[in-house]
Amino acid sequence: MKLDQASIAALAEHLDGAELSVKDVPKITDQYPDLDWGDAYAIQDGIRKLKQARGQNVVGYKAGLTSRAKMEQMGVTTPVFGLLFDYMKVPEGSDVDTRGLIHPKVEAELAFVLKRPLRGPGCNIGNVLAATDFVVPAVEVIDSRYQNFRFDLQSVIADNTSASRYIAGGRRISELSGLDLRTLGIVLEKNGEIVALAAGAAVLGHPAAAVAMLANHLGRYGQELPAGSFIMTGGITEAIPVAAGDTINVRFQDLGNLSIRFI
Ligand code: OOG
Ligand code: MG
């Protein structure tokens, strides 16, 4: 850790404030170039406390930058982890209001729900599959609080990994043995045109690897993923910018479709 508690608290307020006022800010490492990973997760935790003090609750976890497409798009090489809050959940079939967002982009993801807790270190894909209740298709709406979506790893971790909105639905698959998540195809359509496509293996070779990495990450802080946890495993393709008037439809092989309209 390079920053003192007062700076960490001030940066948490700064980034939470950017989200609340729907106004982008320069990436925080411009001002604090020495800010390290420990500081970044401490700022993210400060944002959690601010939101919880307003009555907003953590309802899940997210892994991000887990596919090569996302890493190349954002110019980074390591996955990051963030928190999902209740106000971020968009019910299936309802619209996303872009007036509360700075410069939203969508990502097609697979989400896991656990039936048993997972605790790192040493957590692997097999442990994740054994602890999984079901897998469900999801779409994440990310909205970096940084100008032009430009950041480095420390900045994006501090900004709760651009978490903004998400939708989960379609078909829940609880019998994982009949389904190979590596070869599961995903087609992302914007306004009826295919804009990206990939298969599940784009996420770290197997999307369950993102859950294992998250459990191992939390293990370093003495935390576990409790039974019932909802975990988004990261964009399978690059993220696609959206604006009011756009409709996104994602086709998940064997798992159904998810559509979102932006107003
Ligand atoms: C960071 C969040 C990335 C994903 O699924 O890869 C993410 C960003 O690209 O703004 O959520
Ligand atoms: Mg994501």
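Residues take their numbers from the sequence shown, with the count starting at 1. Just so you know, ligand 1 is whichever comes first in the structure, and atom 1 is the first atom listed for that ligand. Values reported hereafter were calculated over all heavy atoms of this structure, with side chains retained and with hydrogens, waters and symmetry mates removed.
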Any donor-acceptor pair under 3.5 Å linking the side-chain atoms of D152 with those of T29? yes
Checking Q147 against D24: is there a side-chain donor and acceptor pair closer than 3.5 Å? no
As an exercise, identify every atom of ligand 1 less than 4.0 angstrom from a heavy atom of E109. 5 (O)
For the residue pair I263 and A244, what are the closest heavy atoms and their distance? C-CB, 3.6 Å
Taking the basic N atoms (NZ, or NE/NH1/NH2) and the acidic carboxylate oxygens, is any pair closer than 4.0 Å for E140 and K105? no
Do any nitrogen or oxygen atoms of L65 come within less than 3.5 Å of a nitrogen or oxygen of ligand 1? yes
Ligand 1-proximal atoms of Q73, by part, heavy-atom distance under 4.0 Å: neither
State the atoms of ligand 1, each with its element, that fall below the 4.0 Å cut-off from a heavy-atom position in G234. 5 (O)
Would one find an N or O of F151, backbone or side chain, under 3.5 Å from an N or O of ligand 1? no
So which N/O/S atom does E109 have closest to the Mg ion (ligand 2)? OE2
Can you sort out which atoms of ligand 1 are near I142, meaning under 4.0 Å from one of its heavy atoms? 8 (C), 9 (O), 10 (O), 11 (O)
Classify the side-chain pair Q44/R48 by whether it contains a donor and acceptor separated by less than 3.5 Å. no
Run the salt-bridge test on R54 and D16 with the 4.0 Å N-O cut-off and return the result as yes or no. yes
For G235, counting its heavy atoms only, list the atoms of ligand 1 lying under 4.0 Å from any of them. 4 (C), 5 (O), 6 (O)
Report yes if K62 has an N/O atom closer than 3.5 Å to an N/O atom of ligand 1; otherwise report no. yes
Show me which atoms of ligand 1 lie under 4.0 Å from any heavy atom of K70. 3 (C), 4 (C), 6 (O), 8 (C), 9 (O)
Heavy atoms only, cut-off 4.0 Å: how does S162 contact ligand 1, side chain, backbone, both, or neither? side chain
Just jot down the ligand 1 atoms closer than 4.0 angstrom to any heavy atom of F149, in number order. 10 (O)
Do the side-chain N and O atoms of K51 and Y87 include a donor-acceptor pair separated by under 3.5 angstrom? yes
Do other residues, nucleotides or ligands put more than 12 heavy atoms under 6.0 Å from K89 NZ? yes
Report, in ascending order of atom number, the atoms of ligand 1 lying under 4.0 Å from any heavy atom of E107. 3 (C), 4 (C), 5 (O), 6 (O), 7 (C), 11 (O)
Should the pair R261-D95 be classified as a salt bridge under the 4.0 Å nitrogen-to-oxygen rule? yes
Could you check atom 2 (C) of ligand 1 against the protein and tell me its nearest heavy-atom contact, residue, atom and distance included? T161 O, 3.2 Å
The Mg ion (ligand 2) -> E107, closest N, O or S atom is OE1
Which atom, counting only N, O or S, brings E140 closest to the Mg ion (ligand 2)? OE1
Looking only at heavy atoms, is any part of V156 under 4.0 Å from ligand 1, and if so is it the side chain, the backbone, or both, or is it neither? side chain
Single-linkage hydrophobic cluster F252~I240, side-chain heavy atoms < 4.5 angstrom: yes
Is it true that F134 and F230 have ring centroids separated by less than 6.0 Å? no
